[in-house]
Amino acid sequence: MSYRIEGRDGEWEVVVGMEVHAQVVSNAKLFSGASTAFGAPPNSQVSIVDAAFPGMLPVINRECVAQAVRTGLGLNAEINLVSRFDRKNYFYADLPPGYQISQYQHPLVGSGALAIELADGTSKDIGITRLHLEQDAGKSLHDQHAEKSLIDLNRAGVALMEIVSEPDIRSPEEAGAYLRKLRTILRYLGTCDGNMEEGSLRADVNVSVRRPGEPLRTRCEVKNVNSVRFVMQAVEAEARRQIAVWEEGGAVEQETRLFDPARFETRSMRSKEEAHDYRYFPDPDLVPLTLDPAWIEELRAALPELPDAKKARFMAEYGLSAYDASQLVAEAPTAAYFETLARGRRPKTVANFMLGDISAALNRLGHSFASTPLFTTKATGALLDMIEDGTINGRIAKQVIEEMEVSGEGAEAIVERLGLRQVTDTAAIEAAVAEVLARESAKVAEFRAGKEKLFGFFVGQVMKAMGGKGNPALVNDMLKRKLS
Amino acid sequence: MPLDILTVRRIARLARLRLEDSEIERLRQELGGILAWVEMLDELDVTGVPPMTGAVAMALKMRPDLVTEGGNPEIVLGNAPERIGDFYAVPKVVE
Amino acid sequence: MNLTDFGLAAARLALGRREFSARDLTLAHLAAIEALNRRLNAFITVTAEQALAQAAAADAALAKGEGGPLAGIPLAIKDIFCTAGIRTTAASRILGPFVPPYESAVTANLRRDGAVFLGKTNLDEFAMGSSTTSSAFGSTENPWKRRQDPEIRLVPGGSSGGSAAAVAAHLALGATGTDTGGSIRQPASFCGIAGIKPTYGRCSRFGVVAFASSLDHPGPFGRSVEDCAILLRSMAGHDPRDSTSVDVPVPDYPAACARGIRGLRVGVPREYRVEGMAGEIEEMWQSGLGWLREAGATIVDVSLPHTKYGLPTYYIVAPAEASSNLARYDGVRYGLRVPGEDLIDLYERTRGEGFGAEVKRRILMGTYVLSAGYYDAYYLKAQKVRALILKDFTDAFAEVDALLAPTAPSAAFAEGEKTEDPVTMYLNDVFTVPADLAGVPAISVPAGLDADGLPLGLQVIGPPFGEEVVFTVAAALERAAGFAALPAIRAGSPRT
Ligand SMILES: [Mg+2]
Ligand SMILES: [Zn+2]
């Protein structure tokens with residue numbers, strides 16, 4: 001069902017395109033040999049090229065080009081064998097040369113597509129218009145000093161990929177799904193760490209609205225939105241603002257806006273309103289970038305399995321549901337974790353356990369499948385094996401996990417120390433069943449009179465009497481026998 | 001094509017050049033003269049001619065992804081007209 | 001013989017034989033600078049201390065029978081090459097007290113080969129000009145004088161006028177320059193010395209303050225073709241820090257100077273015969289062709305049909321690139337800062353006061369031709385015409401080995417002449433600009449004197465990376481011309 005916003009007099013459709021700036025993973029900057037590492041002391045990662053000293057010239061970093069090609073391949077996009085760098089001219093304190101080197105007319109990567117998945121289980125292709133390489137600017141700090149802005153050029157010259165989508169996005173949900181999926185692919189490829197808090201991934205969201213079936217209307221660009229949630233909110237807030245403007249008989253003006261999450265509204269960037277005239281022209285310090293098709297094939301051959309392919313394989317190979325497979329492939333380390341555990345175990349059990357109790361525990365600890373020192377594949381595997389071979393049951397497993405979080409011990413040690421081994425001794429189970437049935441004679445009568453759903457109640461009571469350690473299958477069998 | 005004062009001011013603003021009023025009229029005339037002179041190029045039909053963007057025909061050479069520079073803020077800050085600690089300082093920018 | 005009267009090649013031989021020391025040679029040049037620079041204003045900065053240290057190092061090497069091809073040779077460096085620890089100004093107020101923490105590739109190569117740097121020479125601000133009158137440090141005087149009017153101050157040409165004047169006046173054995181529209185060849189012609197602009201990409205632009213990136217060509221000045229060849233061999237070479245530097249081996253240029261020209265085909269571009277060109281220049285051109293014919297070359301008429309479009313093309317492309325290249329001078333990281341009410345005001349005041357009139361004119365011109373709505377009509381069009389100009393040369397070099405033409409349409413003019421109208425001034429570069437646009441090598445050789453006794457140069461243009469044939473033809477021309485005149489003002493001359 002398509003997303004519509006109900007206006008004062010009728011429905012509106014939202015049309016969204018996105019420009020995402022993704023910081024390229026590389027050791028050195030796009031055109032200099034300065035480091036890209038995050039969080040260094042001010043101006044400690046600046047070369048005389050980045051600071052635009054007289055006579056300094058750009059020389060392109062091969063790995064940054066490779067990363068952009070990998071990303072293009074990952075987006076099923078065409079790689080342009082000849083591309084070019086242009087200068088985008090404007091003055092700003094954190095832009096030392098007075099221009100940004102970017103690819104305006106002839107980008108490295110042409111059109112491609114990315115498939116997003118929606119909550120209703122459907123999927124949709126979002127067109128990629130282009131991807132190009134460009135330089136990041138430095139950082140201006142406006143709140144460190146009463147009269148001065150302070151300039152740190154550590155970021156100046158770091159490689160960015162600008163990834164531009166077609167205006168194919170039609171709802172906040174699709175916008176969020178697009179950004180999430182893009183981030184997943186970038187992380188799989190290792191071409192961008194996708195860290196939105198550190199600014200490695202920033203989205204500019206172009207929003208317009210129209211009556212269903214109408215041609216496109218004026219769009220506004222909401223700049224530098226830095227989380228998936230805010231992107232979704234910004235789409236809705238900006239769409240509602242535009243609808244109000246149109247419905248009041250006004251006209252939306254093309255402009256750049258900022259999203260304020262605290263107020264759930266966008267506002268005009270008045271300070272940037274001065275007419276821009278970037279005077280793009282080919283950078284005469286660089287010659288066209290020509291790629292060897294053999295090198296592109298080498299890069300293609302070395303690409304990792306990407307999330308869509310992995311999901312399909314998980315469904316086919318492990319018999320997982322589409323939903324579970326999607327969840328598991330969202331992060332490459334999670335998928336790898338799953339595959340390690342699934343070897344020699346029942347994949348569905350592994351998936352359930354990972355996406356259930358283990359994910360919950362990791363959330364509480366603020367860890368991920370990639371980073372947890374506690375729930376290594378070995379530790380989780382041991383726990384799974386104890387369930388599988390009947391040493392403990394699922395309920396006890398939960399308790400063991402909680403104990404692991406506190407004590408940091410391994411599962412086996414905890415089971416031994418707390419005596420959590422599952423009871424499979426039929427005599428002990430028979431005794432507990434007998435005790436419960438004797439105590440609950442009224443309920444037994446009701447059950448026998450046809451109130452069959454009381455069976456669960458008896459299971460619960462028996463397990464409680466056994467401290468949770470009863471083997472659930474044996475308890476069930478015994479109860480059935482005694483109640484029949 | 002004669003240039004008007006407003007265009008000269010707009011271009012000067014774009015180029016971040018403060019011009020004295022006395023300079024503007026002179027520049028308007030000089031630039032107008034140069035522009036009229038370069039219109040000589042309109043005699044040529046350049047349809048289908050690929051633009052020449054540089055004087056050298058070769059593929060772009062690429063550098064290895066190695067950190068070879070940086071690490072010493074003094075190198076880039078040593079000539080700064082104004083600095084605060086290891087930052088360049090400029091009049092406060094209101095955004 | 002006065003030590004300042006040696007040519008570069010001869011001085012290097014004598015140094016090798018320990019006939020005199022690098023220290024003596026350097027001191028002689030420093031003394032000459034001391035005596036004449038106040039008048040000529042060829043140097044913005046004299047680096048006596050550094051020169052003597054380099055000379056001492058050269059003497060030590062020479063004493064051991066070592067030392068590079070330029071060991072102990074005193075040179076002048078155009079103040080557009082960044083030199084580590086030495087103020088570099090580009091003759092602009094905006095660079096203020098700028099001291100680069102790095103060395104340009106070309107000067108590093110010269111240092112590697114043992115050269116001694118006497119100082120940094122004057123130029124038109126940011127190399128924008130043909131007269132060395134727009135320098136923030138005052139104009140440079142041409143050491144040559146009109147016979148009948150020796151009091152008039154003539155320009156040395158530009159933009160590398162300080163380097164050309166220094167070499168002509170025997171203040172240095174050689175010098176570096178940069179040629180964007182003729183800035184090596186035209187001052188060489190005006191000052192009666194040789195100067196070559198090599199192929200684009202032959203000398204690294206790393207550390208050269210940029211004027212117009214796709215047109216800037218570093219190159220040397222010398223008092224002979226061979227001196228230029230020796231200097232270029234040291235200056236040239238691939239540099240991975242410049243993406244437009246070409247990875248082609250550097251040939252033995254001095255050896256090329258000794259070759260004969262028998263069998264070479266030399267073209268005469270008919271479009272260089274422009275209206276209003278002095279009759280003396282036409283005559284000298286004919287003499288040059290005669291000398292080459294006598295030396296065994298075949299003279300062929302060729303056509304470079306787009307020649308007259310070179311200048312207007314240049315005056316779109318060069319200012320466009322300059323407007324962008326000079327955006328970095330903003331008062332934030334180095335150089336002059338003029339305080340302002342806010343950042344934009346600071347930028348505008350710094351740039352308004354820091355740049356001189358010609359630089360501002362070109363920045364505005366460049367900004368205009370790139371601005372929205374004008375790009376296609378001016379910049380894109382100029383790039384297409386530039387392609388046609390390159391094709392003219394490519395077609396010509398399919399038929400001939402080299403071209404011979406005058407370097408400039410006149411001899412040195414007086415300060416104050418030709419300055420009211422920028423277009424008149426720009427016409428000075430009519431013969432030099434096409435080779436810059438095409439990126440092909442070209443040398444100016446002194447070939448004779450005009451009626452006033454001022455030197456006139458002829459230009460040999462070669463195909464891309466054809467520096468050897470350029471040197472061969474130029475050396476033949478030089479031998480035939482036998483140019484031996486000296487400027488009125490020079491080291492050791494009675495007038496000084
Ligand atoms: Mg954008
Ligand atoms: Zn961008």
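All figures in this text were calculated on a predicted structure; none of them were measured in a lab. Lettering follows sequence order; numbering is per chain, from 1.
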Practice task
Measure from the side-chain N and O atoms of A:Gln67 to the backbone N and O of A:Gly190, and report whether any donor-acceptor pair falls under 3.5 Å.
Solution key: yes
Practice task
For residues B:Val90 and A:Leu150, determine if any side-chain heavy atom of one lies less than 4.5 Å from a side-chain heavy atom of the other.
Solution key: no
Practice task
For chain A, find its close neighbours in residues 74-81 of chain B: heavy-atom separation under 4.5 Å, sorted by number, or none.
Solution key: B:Ile75, B:Val76, B:Leu77, B:Asn79
Handout entry: Structural part of B:Arg83 lying under 4.5 Å from a heavy atom of chain A
Key = neither
Exercise for the section: To the nearest 0.5 Å, tell me how far A:Asp136 CG sits from A:Gln100 CD. Expected result: 8.0 Å
Problem - Contact listing (chain A partner; residues 20-28 of chain B; heavy atom under 4.5 Å) - result: none
Problem - Close contacts, residues 43-58 of chain B versus chain A, judged by heavy atoms under 4.5 Å - result: B:Thr53, B:Val56, B:Met58
Problem - Distance in Å, A:Phe31 CZ paired with A:Ile101 CD1, rounded so as to fall on 0.5 Å steps - result: 4.5 Å
Practice task
Counting only heavy atoms closer than 4.5 Å, note whether B:Asn72 contacts chain A via side chain, backbone, both or neither.
Solution key: backbone
Problem - Sequence-distant partners of A:Val49, side-chain contact (heavy atoms from CB on, under 4.5 Å), two or more places apart - result: A:Ser32, A:Ser47, A:Met56, B:Glu69
Handout entry: Any side-chain donor near an acceptor of the partner, A:Asn61 and B:Asp65, under 3.5 Å
Key = yes
Practice task
Show your reasoning for whether salt bridge (Lys or Arg N to Asp or Glu O under 4.0 Å) applies to A:Lys29 and A:Asp50.
Solution key: CA-CA 9 Å; A:Lys29 294 182 182 180; A:Asp50 309 321; 3.2 Å; yes
